[in-house]
Amino acid sequence: MAIASKYRFIKPTSEDIKDKCFKIIHKFKPASIVLSYIENKEDVIDFRKSIQCQIYNPTIMSKIECYSAVQNVDDIIDVSDEIMLARGCLATNIGLENLLCAQDLTLEKCIEKNKRCWIASNILKSLSSYNAPTCADICDLSHMIKQ
């Protein structure tokens with residue numbers, strides 16, 4: 001799990017930081033919580049136990065963005081409500097040459113297990129600078145629609 005800051009993700013190691021995060025969660029009770037840098041199913045299970053409350057049961061979305069998450073994707077999907085493929089971080093962590101395989105594996109497993117999978121992307125960001133999508137934008141959209 002990580003905390004998003006303006007400049008980077010910080011993996012909280014201090015109990016003080018974790019306590020502050022849980023206080024914020026209990027105060028605002030968000031409908032969904034996205035967990036970053038999940039490495040295995042225990043990360044999700046431990047988080048879920050730490051916020052467990054009879055009245056409050058948020059949707060837990062686990063982000064697949066590192067090598068160990070790809071290795072454990074089957075188990076992570078089982079204990080998560082939804083999955084997010086964070087392709088920018090994933091490509092950085094596993095290499096561009098492995099991204100498509102990891103993406104397809106995750107999508108196939110989510111479909112097999114009937115779990116919703118979100119794909120984080122900058123698709124069509126080019127439209128803010130240009131009048132038309134790039135060839136890569138079009139191919140990427142086509143691939144996702146086929147999947």
Side-chain angles (χ1 to χ4, degrees), residues 1-25 28 30-52 57-147:
M1 293 179 289
I3 299 170
S5 77
K6 190 174 180 179
Y7 304 103
R8 65 178 187 268
F9 284 98
I10 304 165
K11 192 151 184 153
T13 53
S14 162
E15 287 303 313
D16 183 48
I17 293 173
K18 288 181 183 179
D19 287 343
K20 287 178 183 177
C21 291
F22 291 129
K23 284 179 184 175
I24 291 169
I25 289 168
F28 293 107
S32 296
I33 298 173
V34 181
L35 303 179
S36 287
Y37 285 99
I38 295 302
E39 295 182 24
N40 52 52
K41 70 179 184 179
E42 287 76 22
D43 288 343
V44 181
I45 292 168
D46 291 347
F47 179 81
R48 203 180 282 276
K49 283 180 186 174
S50 66
I51 63 162
Q52 202 166 33
N57 188 24
T59 297
I60 303 295
M61 181 185 293
S62 297
K63 289 175 76 176
I64 305 300
E65 52 194 333
C66 63
Y67 181 73
S68 54
V70 173
Q71 287 183 307
N72 298 308
V73 74
D74 222 4
D75 291 337
I76 292 170
I77 292 169
D78 286 340
V79 297
S80 303
D81 299 313
E82 298 180 352
I83 297 295
M84 179 183 288
L85 267 166
R87 297 185 307 168
C89 293
L90 189 56
T92 300
N93 289 315
I94 68 169
L96 284 171
E97 67 278 6
N98 299 311
L99 179 61
L100 187 58
C101 183
Q103 174 180 285
D104 288 351
L105 171 72
T106 303
L107 289 171
E108 286 171 18
K109 295 291 183 180
C110 285
I111 290 167
E112 179 184 303
K113 295 171 182 285
N114 200 30
K115 292 282 177 113
R116 187 178 289 188
C117 184
W118 300 87
I119 299 175
S121 178
N122 285 331
I123 291 179
L124 301 181
K125 185 177 180 184
S126 57
L127 289 179
S128 64
S129 303
Y130 305 102
N131 291 331
T134 66
C135 294
D137 292 333
I138 293 168
C139 290
D140 211 6
L141 279 171
S142 175
H143 176 74
M144 284 191 286
I145 290 167
K146 286 178 185 176
Q147 290 295 321

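Because the structure is a prediction, the values reported are computed rather than measured.
- Within the 4.5 Å cutoff, the side chain of Leu99 has heavy atoms near those of the Arg87 side chain.
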Inset, instruction - Show your reasoning for whether side-chain contact (heavy atoms from CB on, under 4.5 Å) applies to Asp43 and Leu35. - result: CA-CA 9 Å; Asp43 288 343; Leu35 303 179; over 6 Å; no

Legend entry - side-chain contact (heavy atoms from CB on, under 4.5 Å) assessment of Ile77 paired with Cys110: CA-CA 7 Å; Ile77 292 169; Cys110 285; 3.7 Å; yes

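- Here the straight-line distance linking atom OG1 of Thr106 with atom CD1 of Ile64 works out to 5.5 Å at 0.5 Å rounding.
- In this structure the side chain of Leu100 reaches within 4.5 angstrom of the side chain of Gln103, judged on heavy atoms.
- Taking Lys109 as the reference, Asp74 meet the salt bridge (Lys or Arg N to Asp or Glu O under 4.0 Å) condition, with sequence neighbours excluded.
- When every heavy atom of Pro30 is checked against every heavy atom of Ile33, the shortest pair comes out as CG-CG1, 3.8 Å.
- Heavy-atom minimum distance, Thr59 versus Glu82: CG2-CD, 3.9 Å.
- Remark: the backbone N or O of Glu39 is paired with a side-chain donor or acceptor of Asn72 at under 3.5 angstrom.
- The OG atom of Ser62 sits 11.0 Å away from the CG atom of Asp78 when rounded to the nearest 0.5 Å.
- How far CG of Asp75 is from CD1 of Ile38: 13.0 Å, rounded to the nearest 0.5 Å.
- Side-chain contact between Glu65 and Tyr37 is present, with at least one heavy-atom pair separated by less than 4.5 Å.
- In this structure the side chain of Arg116 never reaches within 4.5 angstrom of the side chain of Asp81, judged on heavy atoms.
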Inset, instruction - Walk me through it: do Phe47 and Ile25 pass the test side-chain contact (heavy atoms from CB on, under 4.5 Å)? - result: CA-CA 12 Å; Phe47 179 81; Ile25 289 168; 3.7 Å; yes

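- In this structure a side-chain-to-backbone donor-acceptor pair under 3.5 Å is present from Arg48 to Val79.
- Ile119 places a side-chain heavy atom less than 4.5 Å from the side chain of Leu107.
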Inset, instruction - Tell me, with the steps shown, if Val70 and Leu90 meet side-chain contact (heavy atoms from CB on, under 4.5 Å). - result: CA-CA 9 Å; Val70 173; Leu90 189 56; 3.7 Å; yes

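- With Lys115 contributing its side chain and Ser80 its backbone, the two residues share a donor-acceptor pair below 3.5 Å.
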